[in-house]
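Shown next, in structure tokens, is the structure this report addresses.
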Amino acid sequence: MSLELSKQYNPREVEDSIYNFWLTKNYFHAEADASKKPYTIVIPPPNVTGILHMGHALNNTIQDILIRAKRMQGFNCLWVPGTDHAGIATQNVVEKKIKKEKNLTRQDLGREKFLEEVWNWRNEYGSTIISQLKKLGSSCDWQRLSFTMDEGYSKSVQEVFITLFNAGLIYRGNYIINWCPRCQTALSDEEAPHKDLDGFLYYIKYPIKDTKNYITVATTRPETMLGDKAIAINPKDKRFKHLIGKTVILPLIEKEIPIIADELVDMEFGTGFVKVTPAHDPNDFIMGKRHNLEPLKIMTPDGKISENSGDYNGMDRFEAREAIIEDLKERKLLEKIEPHKHAVGHCYRCHTIIEPYLSLQWFVKMKPLSEEAVRVVKSGKIKFHPARWKKIYLNWFNNLQDWCISRQIWWGHRIPVYYCKKCQETGILNEKIKNQNSKIEQRGVIVSKTKSDKCPNCGSSDIYQDEDVLDTWFSSWLWPFATLNWPKEQSEKELKYFYPTNTLVTAQEIIFFWVARMIMAGIYFMKDIPFRDVYIHGTVRDDTGKKMSKSLGNIIDPLEIINNFGADALRFSIISLTSAGQDVYLSNEKFQAGRNFANKIWNASRFVLINLEPEKINVDLCIYSKDNLKELKDRWILSRFYQTLAQVSKSIDQFKINEAIKQIYEFFWHEFCDWYIELSKQDIKNPTTQVILYKVLEKTLRILHPFMPFITEQIWQSLSGEKSESIMIASWPHLQKQFISKEIDSQMQVIIDLIASVRNLRAEIKIDPSKTIDLIIYSKNKDIIKLLKENSGYIQKLGQVLNITFQEKEARPKNAVSAVSGKISFHIPLEGIIDIGKELLRVNKEIENIENFLKNSSTKLNNKDFLKNAPLEVIEKEKQKRIDLKEKLEKLKTYSKFLS
RNA sequence: GGACGGUUGGCUCAAUGGUAGAGCGCUUCGUUCACAUCGAAGAAGUUGCAGGUUCGAUUCCUGCACCGUCCACCA
């Protein structure tokens, strides 16, 4: 690799080969090594069906920055990559594919053949996202690439299921779960997010038996009345107490159902009467249990009304709703319809409205697992960044229901449970299992890692495996240790070394799905937290604030950005825009900032490399002290660099990634390029200048590397000094505090301000930029005069000044324009005649400005309360400010008088 | 119903109990050999509204409005 002298940086030409260079050198791989401290991150595994979107780009850029920075800081860094099998999502994708290509459903193919199709799919397309992560520059240890359906990983999942089962923390039972009629599977509560919908509240009359009276029930889902088993009121409801125990006629079905009393009923809502449908509502299910009401399922798994429902048989659930309303209207049993907003669960995969559905499922008891998970966060053992997510995390544990883990799909970890038909029929209980897990139905249940062909209880070979697979998150929650090969014995050393991991970087959307559950699993199985810091970044949105999603068509494709502007530009822009967990608003133009910065880095480096004489630069900075580093610009740039280094290191440790990159940007562009490089042009052959130019560039590249790995490596390879073979294994610059000097900073600032004032004046009076001027300077402060005299070259160079004269006494030259910068007044003599009118206008405007400031300042200093209460420091500062302003004002007034 | 986040120049966002900053955009000028994906200069903000605390509030407190998000057994 060598630095071509092209004027523009062309990322497309170099990025792939740089990445391959890193891979060849095996820099990303980490092994347990007791002599070094570990720093570990596990990637939030993208879905195997995924293609890289901006959310991934943000997420993985942050991780890569942390990993690369820590690696340079001497940690033994491991970033574990992998993908998630994403049960429902992947199954949907493959189902669509075979439908399109072969016009077959998965049922047509059968379980085995279908799974073969899924594996084929994943072998062909499953690594797409991985290669895209590489494009981004991710320095993951690819030798440890994991997949949640890997053989070893499956073993972990089974181990966990069986352990929890034996501990009585997994049970099977008939409960109301969230059912997606399209995917035809159960979902956990987290997988069925509620969205507000504009619906209606239907008021339906239920005639009271043997009377002409009726009661009115308000419901949002009239179709479920087919399964009504009772009407409930609150026992405290005095209005209707007399009706408890009476019987009403269920309209349309003409069945008799009782009126019962239950505390779950909210007297305030609707009419105070609630229809009780135990098979289709979680509350009704609870009431049903309490009152021994046999649940009646009126829907099939695909969301149609099931048999024995008369006219409504086979109707879609929403069709049935309309039909029932029409029929009720006809029979004059519909009192009214009111608009009603309510939250309805939706399938997080296909957005179909979920159905609360009674079915036989497997559950994990959450209470016992959550206690420690709450404690470790409350106590601060695990920290959230920003801290506000702690509250949100903890809040989730209130009202936490048991976790439904069985899914009626095929792609996933098959539940390691077998049933013995004979035992089920004969009713002989497996005593061993009964003792371990006494609360559940376990007739004929065999829990086993391997497929057994004989029932251990009765010896029968008529056994079959549970048809269901486990929730994807039931494998994801093991990620931090399953990827380190738990529970294999040979993995012990690695686990001990890399676990707990250090930082988890993720988005807010999966705090409950994933973060909370990893904490539970880690504590339960590893007896230790899975990570210490959780960094939550924002959601990527488009510039109108909408979440970026394929369905909205507002996607900005990261790969296209990489292709057009380079991975470094993408990384720079997205990181710069991400402040402390706030959402990121993106648009195409924003990536130009990154491209421009990369180009600036490129060209600054080009300047340095073109001018460097290699034999001059192999000098350690340590040889410099105040005595042998006399040039202000040299001392200043070192002071500024080391301050930047300190800030950047701190910002990274505090997860303020955007601040870190801004600090580097500011330093590199506006201090190093704008001032140091410009000034260095004057004495570019000077050995000291050469060393400082080289060292500052080289060190800045190092701190920039985690953020913009490709361009920094490309330039690094062209540096001629002594260096490591790659910048990514170079060490983080050591903070040399002796170079930091506030005094030097402020001295340089005086000069910068003066040059800015001179330039400003030149522009205001429209002096030709190519024309040099003379400068006459006065200041009564001797230190300043000395400073300016010593560094007059800077002013000459950057202010386009030929001669500088210093006045002993302030005297106004003829035919000159004048201005004031801090404690310095200066004059530019002009050959032609000054436009006095314009000049007067300019000066008077400045005077007005200062008078305003002065007025402000005087009001403060004349305020007794201010003098009494404000800190001494502030008062002193204010006083000094007034003195300076007065001095400046006086000078300008004299000048103004002189002009008029 | 509860909770959280946001509201600052045309746009996107910083910052701070003591004269509000950057990038983009805009105006003017400039291709002298690192960079026009650049340089120099400039215009532009009563920091959502109303109270309160304070010598002093954009910053702290209270209420409100609007935008966004999450949670809840809203029949």
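Note that the structure is a prediction, hence the values are computed from the model and not measured. Below, read A as the first sequence line, B as the second, and so on, with proteins coming before strands; counting in each chain starts at 1.
With A:Asn599 contributing its side chain and A:Tyr9 its backbone, the two residues share a donor-acceptor pair below 3.5 Å. Under the 3.5 Å distance criterion, the side-chain polar atoms of A:Asp262 are left unmatched by any main-chain donor or acceptor of A:Ala232. Looking at A:Arg239, its side chain does come within 3.5 Å of a backbone N or O of A:Met267 through a donor-acceptor pair.
The A:Asn599 side chain lies nearest to B:U37 when the options are B:C74, B:U37, B:A34. Here the nucleotide nearest the side chain of A:Lys590, chosen from B:U12, B:C55, B:C74, is B:U12. Nearest to the side chain of A:Pro769, among B:A15, B:G30, B:C71, sits B:G30. Across B:C55, B:C71, B:A36, the shortest atom-to-atom separation from the side chain of A:Phe512 is found for B:C71. When distances are taken from the side chain of A:Ile392 to each of B:G39, B:C4, B:A34, the shortest belongs to B:C4. Side-chain proximity of A:Arg388 to B:C55, B:G39, B:G5: nearest is B:G5. Relative to the side chain of A:Lys662, the nucleotides B:C4, B:C13, B:G30 differ in distance, and B:C13 lies closest. Minimum atom distance to the side chain of A:Lys7 is reached by B:C35, of the listed B:U19, B:G39, B:C35. In the set B:G23, B:G30, B:C35, the nucleotide with an atom closest to the side chain of A:His670 is B:G23. When distances run from any side-chain atom of A:Gln800 to the nucleotides B:U32, B:G18, B:C74, the shortest one goes to B:U32.
For the pair A:Asn398 and B:C71, the criterion of a side-chain N or O lying under 4.0 Å from OP1 or OP2 is not met. Note on A:Asn863: every side-chain N or O is 4.0 Å or more away from OP1 and OP2 of B:C55. At B:C55, none of the side-chain N or O atoms of A:Lys868 fall inside 4.0 Å of OP1 or OP2 (strictly under the cut-off).
Considering every non-hydrogen atom in both A:Ile601 and A:Phe668, the closest pair reads CA-CE2, 3.6 Å.
Between the side chains of A:Lys633 and A:Thr689, at least one donor-acceptor pair of N or O atoms lies under 3.5 Å. Under the 3.5 Å distance criterion, with hydrogens and angles disregarded, no donor-acceptor pair is assigned to the side chains of A:Asn852 and A:Glu848. When only modelled atom types and interatomic distance are considered, A:Thr224 and A:Lys275 share a side-chain donor-acceptor pair under 3.5 Å.
For A:Glu666 and B:G21, the CD to P distance is 13 Å, given to the nearest whole Å. What separates CD1 of A:Ile711 from C1' of B:U37 is a distance of 11 Å, to the nearest Å. If you measure from atom CG of A:Leu577 to atom C1' of B:C11, you get 12 Å, rounded to the nearest angstrom. As rounded to whole Å, 15 Å separates atom P of B:G39 from atom CZ of A:Phe607. Rounded to whole angstrom, the span from the CD1 atom of A:Ile601 across to the C1' atom of B:U37 amounts to 12 Å. A straight line from CD1 of A:Ile510 to P of B:C70 spans 14 Å, rounded to a whole angstrom. Atom OH in A:Tyr393 sits about 16 Å away from atom C1' in B:C71, given to the nearest Å. To the nearest angstrom, P of B:C74 lies 11 Å from CG of A:Asp196.
Straight-line distance between the P atoms of B:A20 and B:U16: roughly 15 Å, to the nearest whole Å. Taking the P atom of each, B:C61 and B:G17 are spaced 12 Å apart, rounded to whole Å. With both ends at atom P, the span from B:G5 to B:A15 equals 15 Å, rounded to whole Å. Nucleotides B:U32 and B:U7 are separated by 46 Å at their P atoms, to the nearest Å. A gap of 15 Å separates the C1' atoms of B:G6 and B:U58, to the nearest Å. Taking atom C1' on both nucleotides, B:C66 is separated from B:A50 by 15 Å, rounded to a whole Å. Here, B:C11 and B:C4 have their C1' atoms 26 Å apart, quoted to the whole Å. On the C1' atoms, B:A43 is 16 Å away from B:C24, given to the nearest whole Å.
In this structure, B:G21 forms a base pair with B:C13, meeting either the Watson-Crick or the G-U wobble geometry with both donor-acceptor distances under 3.5 Å. Of all nucleotides present, none satisfies the Watson-Crick or G-U wobble test against B:C74 with each distance under 3.5 Å. Base pairing of B:C29: its partner is B:G39, meeting the Watson-Crick or G-U wobble criterion (both donor-acceptor distances under 3.5 Å). In this structure, B:G68 forms a base pair with B:C4, meeting either the Watson-Crick or the G-U wobble geometry with both donor-acceptor distances under 3.5 Å. As the counterpart of B:U62, B:A50 is assigned, both hydrogen-bonding distances of the Watson-Crick or G-U wobble pattern falling under 3.5 Å.
Heavy-atom nearest nucleotides on RNA chain B were determined for A:Trp396 and for A:Ser770, and the one closer to the 5' end corresponds to A:Ser770. Residue-to-nucleotide proximity on RNA chain B shows that, of A:Ser576 and A:Lys766, the 5′-proximal contact is made by A:Ser576.
Among the protein residues, A:Lys877 comes within range of no part of the nucleic acid, since none of its heavy atoms lies under 4.0 Å from any strand. Using a 4.0 Å heavy-atom cutoff across all strands shown, A:Val217 reaches no nucleic acid atom at all. Residue contacts shown for A:Pro193 are absent, as no nucleic acid heavy atom lies under 4.0 Å away. Here A:Leu264 lies in heavy-atom contact (under 4.0 Å) with a base.
On a pure distance criterion of 3.5 Å, a polar donor-acceptor pair joins the side chain of A:Lys600 and the base of B:C35. For A:Glu678 against B:A34, a side-chain-to-base donor-acceptor contact under 3.5 Å is present. You'll find a donor-acceptor pair under 3.5 Å spanning the side chain of A:Lys681 and the base of B:A34, going by distance alone.
Environment of NZ in A:Lys195: crowded, with over 12 heavy atoms of neighbouring residues, nucleotides or ligands closer than 6.0 Å.
A distance of 6.0 Å or more separates the ring centres of A:His670 and A:Phe597. For A:Tyr393 and A:Trp389, the ring centers are positioned 6.0 Å apart or more.
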Enumerate the protein-to-nucleotides 40-43 of chain B contacts in which both atoms are nitrogen or oxygen and the separation is below 3.5 Å.
residue: B:A41; atom: O3'; partner: A:Asn760; partner atom: ND2; Å: 3.2
residue: B:G42; atom: OP1; partner: A:Asn760; partner atom: ND2; Å: 2.4

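A:Leu187 is not listed as a side-chain neighbour of A:Trp179, based on a closest heavy-atom distance of 4.5 Å or more.
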